[in-house]
Amino acid sequence: MNKYLNQLVELNQYDKKLEKLIPVEESIKKPLTTLQNKVKNLTTKLEKLTDEIKNLILKKSKNELLITELKEKLNQIAEKSAKVKTMKEAKALSLEEELAKEQIESANEEIAKFEKMVEEKKEEKEEITKETKSLEAQIIITQAEIQDKLDELEKQKETIYKNKDVLIKKMDSNIYKFYKKIKKWAGNSAVSPIRKQACMGCFMKINEKTYADAIKGEEIITCPHCGRVLYIETEENK
């Protein structure tokens with residue numbers, strides 16, 4: 001096989017090996033990721049509850065301010081009542097006083113309602129905080145449990161990257177650029193084998209001449225349909 005083609009096949013195999021390790025790593029980390037996502041969701045809930053409590057306290061404060069204003073109004077009505085000269089004025093002040101008292105009663109009911117809601121949400125926050133702490137403890141344990149597997153996986157990745165870097169340094173820079181250009185759109189199928197006279201990248205049948213040239217392996221042959229680099233599989237490059 002052509003030296004450069006052989007290097008392209010080998011380089012592509014390193015990339016494929018690295019790609020295969022991605023789901024392996026995700027599988028190892030899955031229990032940890034699940035716990036971390038739960039903590040993230042609970043943290044979001046806590047933030048939302050904190051905002052809701054602030055809004056409820058603000059509404060309560062507005063009602064307390066309203067009560068203060070209404071009580072001041074009642075004092076003013078009382079002062080006016082002492083100076084009324086006609087029944088009409090007395091009746092008007094009486095209605096005004098009655099309305100103010102009703103508003104105070106309604107505001108007190110609102111305050112009681114908001115206080116109850118605040119307490120309920122604070123209790124909910126406490127439960128979520130407890131659950132979060134429990135999950136964080138589980139995260140520490142899970143991290144310790146999977147660390148050996150992650151370390152072993154990292155060693156495999158380091159070995160592949162090291163071998164890949166050694167190969168790249170040996171390669172002609174133009175050949176490597178050529179590979180990267182195809183890899184941008186073809187991913188790790190940039191270098192594809194031929195099976196049953198078809199490109200395994202696009203699965204299109206190739207013509208006799210291209211197939212014959214690929215069998216010879218003397219030059220870098222690309223698929224006439226998709227542009228991927230083609231090669232004939234052997235026991236060594238499978």
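- We find the SG-CH2 distance between C226 and W185 to be 5.0 Å, quoted to the nearest 0.5 Å.
- Side-chain contact annotation: T222 with R228, donor-acceptor N/O pair under 3.5 Å absent.
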Steps toward side chain to side chain contact (heavy atoms under 4.5 Å, CB included) verdict (Q197, E208):
CA-CA 8 Å; Q197 204 174 326; E208 294 295 337; 3.3 Å; yes

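- At least one side-chain heavy atom of L230 sits under 4.5 Å from a side-chain heavy atom of C199.
- Distance check: M200 CE to K196 NZ gives 8.5 Å after rounding to the nearest 0.5 Å.
- Using a 4.5 Å heavy-atom threshold, the side chains of I53 and K125 count as touching.
- Counting heavy atoms from C-beta outward, Y161 and L18 have side chains that approach closer than 4.5 Å.
- Pairing each heavy atom of L167 with each of L11, the nearest pair is CD2-N, 3.5 Å.
- Formation of a donor-acceptor pair under 3.5 Å by the S61 side chain with backbone atoms of I57 is found in this model.
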When you look at K48 and E52, which way does the side chain to side chain contact (heavy atoms under 4.5 Å, CB included) test go after all the steps?
CA-CA 6 Å; K48 185 179 177 183; E52 288 175 352; 3.4 Å; yes

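- D15 and Y179 are linked by a side-chain donor-acceptor pair at a separation below 3.5 angstrom, with hydrogens and angles left out of the test.
- In this structure, H225 contributes its side chain and C202 its backbone to no donor-acceptor pair below 3.5 Å.
- Note: the hydrophobic cluster containing I67 does not contain L56 (ILVMFWY, side chain heavy atoms under 4.5 Å, direct or indirect links).
- Annotation: side chain of I206 is in contact with side chain of P224 (closest heavy-atom distance under 4.5 Å).
- If you check the side chains of N207 and T210, you find a donor sitting under 3.5 Å from an acceptor.
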Candidate pair V229 and I221, rule side chain to side chain contact (heavy atoms under 4.5 Å, CB included), full reasoning
CA-CA 6 Å; V229 175; I221 305 300; over 6 Å; no

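- Put simply, the side chain of E47 reaches to within 4.5 Å of the side chain of T43, judged on heavy atoms.
- Residues L93 and I77 approach most closely at O-CG2, 3.7 Å, considering heavy atoms.
- A salt bridge between D165 and K169 is absent, with no side-chain N of the basic residue lying under 4.0 Å from a carboxylate O of the acidic one.
- Between E109 and K113, none of the side-chain N atoms (NZ, or NE/NH1/NH2) sits under 4.0 Å from a carboxylate O, so this pair counts as no salt bridge.
- Looking at Q147 and D151, their side chains do bring a donor and an acceptor atom within 3.5 Å of each other.
- Between the side chain of T132 and the backbone N or O of I128 there is at least one donor-acceptor pair closer than 3.5 Å.
- Side-chain contact, N188 with E19: a donor N or O sits under 3.5 Å from an acceptor N or O.
- Salt-bridge check for R195 with E233: passed, with a basic side-chain N closer than 4.0 Å to an acidic carboxylate O.
- Rounding to the nearest 0.5 Å places NZ of K29 at 8.5 Å from CG of L153.
- K60 is linked by a salt bridge (charged side-chain N to carboxylate O under 4.0 Å, His left out) to E64, E115, counting only residues two or more places apart in sequence or in another chain.
- Using a 4.5 Å cut-off on side-chain heavy atoms (C-beta onward), K3 and Q7 make contact.
- Using a 4.5 Å heavy-atom cutoff, the side chains of L99 and L95 are not in contact.
- Legend: side-chain hydrogen bond (donor to acceptor under 3.5 Å, both in side chains) pairs involving residues 75-92, not counting sequence neighbours: none detected.
- Smallest separation of non-hydrogen atoms from A100 and L70: O-CD1, 4.0 Å.
- A salt bridge does not link K38 with E131: none of the charged nitrogens is closer than 4.0 Å to a carboxylate oxygen.
- Scanning all heavy atoms of the two residues, the minimum distance from S189 to S192 falls at O-OG, 2.8 Å.
- A single hydrophobic cluster is not seen to contain both M117 and L49; linkage of ILVMFWY side chains at heavy-atom distances under 4.5 Å, directly or through other members, places them apart.
- Ion pairing between E136 and K133 fails under the 4.0 Å rule for side-chain N and carboxylate O.
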Under the side chain to side chain contact (heavy atoms under 4.5 Å, CB included) criterion, do I220 and I175 qualify, and how do the steps go?
CA-CA 10 Å; I220 294 175; I175 297 295; 3.8 Å; yes

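- Under the 4.5 Å side-chain heavy-atom criterion for grouping Ile, Leu, Val, Met, Phe, Trp and Tyr, L32 is connected to V24 within one hydrophobic cluster.
- Side-chain atoms of L65 and E69, non-hydrogen and from C-beta on, do get closer than 4.5 Å to each other.
- For K183, the NZ atom is densely surrounded, since the number of other residues' heavy atoms within 6.0 Å is greater than 12.
- Hydrophobic clustering, with ILVMFWY side chains joined whenever heavy atoms are under 4.5 angstrom apart, keeps L66 apart from F114.
- The main-chain N or O of N37 is found under 3.5 Å from a side-chain atom of N41 such that the two form a donor-acceptor pair.
- No side-chain donor from either of Y231 and N6 sits under 3.5 Å from a side-chain acceptor of the other.
- Of the listed residues (T33, T34, L35), just one forms a side-chain contact (heavy atoms from CB on, under 4.5 Å) with T142, and that residue is L35.
- For K59, the NZ atom counts as loosely surrounded, since its 6.0 Å shell holds 12 or fewer non-hydrogen atoms of other residues, nucleotides or ligands.
- Taking NZ of K170 as the reference point, atom CD of E10 lies at 7.5 Å (rounded to 0.5 Å).
- Separation of atoms CG (L21) and NZ (K157) is listed at 7.0 Å; rounding is to 0.5 Å.
- Atoms OG1 and NZ, from T68 and K73 in turn, are 14.5 Å apart once rounded to the nearest 0.5 Å.
- Within a 6.0 Å radius of CD in E219, other residues, nucleotides and ligands contribute 12 heavy atoms or fewer.
- Minimum heavy-atom separation, I194 to A214: CD1-CB, 3.4 Å.
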